[in-house]
Amino acid sequence: MVMDIRAQLSMSFNLDKCIGCHTCSISCKNIWTTRQGAEYMWWNNVETKPGAGYPLTWEDQERYRGGWEVSDGNLRLKLIKGNKLRTLASIFFQPNLPTIDDYYEPFTYDYQNLFNAPAGDDQPVARPKSLITGEFMEKINLGPNWDDDFGGSPLYASNDPNLKGLSDSQKEMLTKFHKLFYFYVPRICNHCLNPACVASCPSGAIYKRGEDGIVLIDQDTCRAWRFCVSACPYKKPYYNWATGKSEKCIFCYPRTETGQPNACAHSCVGRIRTVGVILYDAERIEETAKLPDDKLVDGMRDIILDPFDPKVIEAAKKAGIDENWIAAAQNSPAYNLFKKWRISLPHHPEFRTVPMNFYVPPLSPILHQAKADRGGTFDPESTGFFNEIDKMRIPVKFLANLMSAGNERVVVESLKKQMAVRIYWRRKRVGDISESEVKKALDQTGLTLQDVEDIYRLNSLATYKERFVISETHRESKTTVDPRMMYEKRGTIGFGAKKKEFIGRQW
Amino acid sequence: MNAILFAYMPYVLLMTAIVGTIYRYTTNRFSWSSQSSQFLENRALFFGSFPWHYGIVLVLLGHIIGLLTPSSILAWNSAPLRLYILEVSGLALGLLALFGLLALAYRRLTNNRVKAMTTSWDVLLLIILLIQVATGIGNAILYRWGSNWYAATAVPWMWSVLTLNPNVEYVANLPLITKAHIFNAMLFIGLIPFTRLVHVFVINIYKYLWRPYQVVRWYHRDSQTENIIQYK
Ligand code: HEM
Ligand code: SF4
Ligand code: SF4
């Protein structure tokens, strides 16, 4: 069998621990997107689920036509209706492009008025001002995290595309006031193995880096055809309306190349994020992306290779993967969570871009204690300390729509394993759970004692070095880097020219 | 006067276009963009961009075919019915482009968001294009069978310019509107490097039409770009 081994940097998110503080988004914005044309962009954003998301209802591919579909056994961009030439014709006008009103019009406030207003009968106010036109805005209709914490809102939560297929009582658990429960989903670009953004770009400006799998937009080649914005089902390329170029999350490659974690992951207050290396077989990307919905998660686990297998190691060396990268792959939180323990899941695998960031689905609230009259789901028939999986506040179906293309089995497997870890530690720390119950939980899930210890450690105590296992890339030793160019963009973000053109607009 | 307009100016403007475009491509490729404003305004653009581009691209293509193989146009026109078809469709496409252009200009001048991103170059370009399309349509209506006499006047003149032996005779006696159309076309070409018009040039057709879906770039491999999934 031919194998084409490649390495991929991958981020994992433990959703149980995300507190929705948006520190990640802020650190990302401070570094990369505080520029004209990029104010509205959040390469990292955190969404309340259920909620409409950013841009509004981005998961609704009937509207945006992002991602891939299988047609006649071939993988085809959803964007391509009919043939490719017809799609190219929409270069003049993209029928499925979101506009600024689907994100929000960037604004500031007229703060000076607070200081300069003439004396009068009323308090001076700072009216909102558009950052695009510079004019006062009547009112702000939408802003960053507009539906933050609006779990039960009929305007936002009930428009969540993931509520599809849930029964009324399940929906009630997520949307009815007093009963509702919501959680957060932080999102960055998934740096997919089968990226729709790359495939859709007519000018070939977007590419995946062979060495670490990071997907980037070549700013010099982008021509503002905007296909990537339409084609990415996660809406993670953003159009910079000022420079006329598209931009996207760069996985902080200047940091990862030097072995540092991404700004979002580094700053994460909940320490929910881990970053690691995954080895995969590029030969099988296409076949994986074509799998039926219920096989997608398993298929994605299949193409990820065991970094301890001697054959894999040998092939990886042959493919030019550095020793330090193989070592990182053997110690990779991403590999452990997704493939070894099978507790993390991809985000919307049914978009078939084979996304490479993984999410540990949330259990919470796990305690069974909360009485129904206090808003809990106390169930008099169950006597256990922990809630049962199918009585959890977040319906499994909802999580399955979010993370496994509707496959509830893999979600339940993850939840049961996480529960087993808790049962084990409850027994160890408090002791009010019987030995046999612990044994039952472990047997059911197939976790070893070592696994349970390791999962516990990674999810709760892990240090910086355990959470971020990133090897240096040593770009300086690669043949194609011209040493004279190394410092050219020093002191800039690298997006756009730093000089003012002798004529016309400043790019 | 004719000599200045049709023997010297063509070279000035052509050189501006060629040198300027190469200079911009080599020194500031980042600025090479269609500067799409659809993100800011979606509705009026539909009624502007679609008709404009379909109209102008096809009409321009007709001009280029005429320039390259005038005999093919003449051969096609030898049957009156076919001549009518060509003339009518040319005029229809011109009107389509005019409609689109007016919609684009209206949008640029009325929508606040688009206006905020409009430079003087954009306005100048729209004016030049408006003159170009208007004079073109004027030609088609006032002086019939342009596709025939185009092959006998402007085409040989363009070839005389291109072969560095400008012969003003070919165009000296054309009607004023036609002359305006021709001279304005050269202004338009001269504007290319300064405006968004550079977006018309697609440097690598392969990438647009035949390239496999995926693009992978390597830093440590010799062939830096590699593709993994083929278009089906
Ligand atoms: C050959 C292929 C061409 C392609 C793919 C193309 C594509 C585009 C695109 C994507 C835009 C941006 C529209 C938006 O705001 O979203 C645009 C704008 C424009 N194009 Fe083209 N174009 C082509 C040919 C031409 C030609 C031949 C001309 C003129 C002779 C032209 C003149 C313009 C003008 C003036 C605008 C600005 C419209 C405005 O005011 O917003 N284009 N084009
Ligand atoms: S998430 Fe979107 S932008 Fe990121 S690689 Fe995948 S398709 Fe491209
Ligand atoms: S910083 Fe961490 S905990 Fe806070 S919102 Fe971001 S991912 Fe969640």
Side-chain angles (χ1 to χ4, degrees), chain A residues 4 74-77 84-85 88-89 92-94 97-100 105 130 132-135 194-195 198-199 201-204 206-211 219-226 229 239 241-245 282-283 285-286 320 473 475 477-481 496-497 501 503-505 507, chain B residues 24 27-43 45-54 57 111-113 115-117 119-121 194-196 198-199 202-204 206-209 211-222 224-226 228-232:
Chain A
D4 180 2
N74 289 328
L75 215 45
R76 197 175 73 170
L77 282 176
K84 212 179 139 210
L85 223 53
L88 262 187
F92 307 124
F93 177 88
Q94 294 262 338
L97 189 82
T99 66
I100 188 89
E105 179 160 359
S130 164
I132 297 178
T133 61
E135 284 159 22
N194 183 31
V198 176
C201 176
S203 41
I206 315 185
Y207 60 98
K208 192 170 178 69
R209 304 211 302 184
E211 279 77 10
Q219 293 287 298
D220 281 352
T221 314
C222 172
R223 298 279 177 268
W225 304 138
R226 323 169 298 301
V229 183
Y239 181 69
W241 49 268
T243 62
K245 302 274 162 165
E283 281 294 329
I285 296 173
E286 187 177 0
T473 312
R475 274 276 292 281
S477 71
K478 308 293 186 214
T479 50
T480 55
V481 179
E501 282 305 297
I503 214 159
R505 101 170 81 218
W507 276 293
Chain B
R24 179 157 165 196
T27 62
N28 193 0
R29 209 170 296 177
F30 179 70
S31 71
W32 202 283
S33 161
S34 69
Q35 294 287 339
S36 164
S37 53
Q38 184 181 357
F39 187 68
L40 300 177
E41 198 286 332
N42 209 344
R43 245 165 250 155
L45 184 73
F46 175 81
F47 295 101
S49 192
F50 257 138
W52 161 248
H53 279 103
Y54 277 123
V57 169
N111 185 289
N112 281 343
R113 291 179 184 167
K115 214 156 62 182
M117 286 319 294
T119 63
S120 332
W121 288 113
F194 304 103
T195 61
R196 72 169 80 217
V198 287
H199 75 273
V202 167
I203 312 293
N204 189 340
Y206 163 76
K207 283 204 221 157
Y208 281 70
L209 291 177
R211 164 178 75 82
Y213 268 144
Q214 300 300 355
V215 180
V216 177
R217 281 197 205 168
W218 297 91
Y219 291 106
H220 73 219
R221 289 198 187 166
D222 277 345
Q224 278 177 48
T225 304
E226 194 194 319
I228 43 181
I229 298 179
Q230 303 292 323
Y231 269 117
K232 293 275 161 49

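Convention: sequence-line order gives letters A, B, ...; per-chain numbering from 1.
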Honestly, the part of A/P98 sitting under 4.5 Å from a heavy atom of chain B is backbone

Okay, A/R226 and chain B: the region with an atom under 4.5 Å from a heavy atom over there is side chain

Taking all heavy atoms of A/R76 and all of B/Y213, pick out the closest pair and write down the distance. CA-OH, 3.9 Å

Side-chain donor or acceptor of A/K208 paired with backbone N/O of B/V216 under 3.5 Å: no

B/S34 side chain vs A/R223 backbone, donor-acceptor pair below 3.5 Å: yes

Quick one: does any side-chain atom of B/Q38 pair with a main-chain N or O of A/Q94 as donor and acceptor, under 3.5 Å? yes

Cut-off 4.5 Å, heavy atoms of chain B, and the answer for A/L77 is both

Taking atom types as modelled, is there a side-chain donor on A/N194 or A/E286 under 3.5 Å from an acceptor on the other? no

Using a cut-off of under 4.5 Å for heavy-atom pairs, which of A/G244, A/A224, A/P202 has the most such pairs with chain B? A/P202

So what's closer than 4.5 Å to chain B heavy atoms on A/T221: side chain, backbone, both or neither? side chain

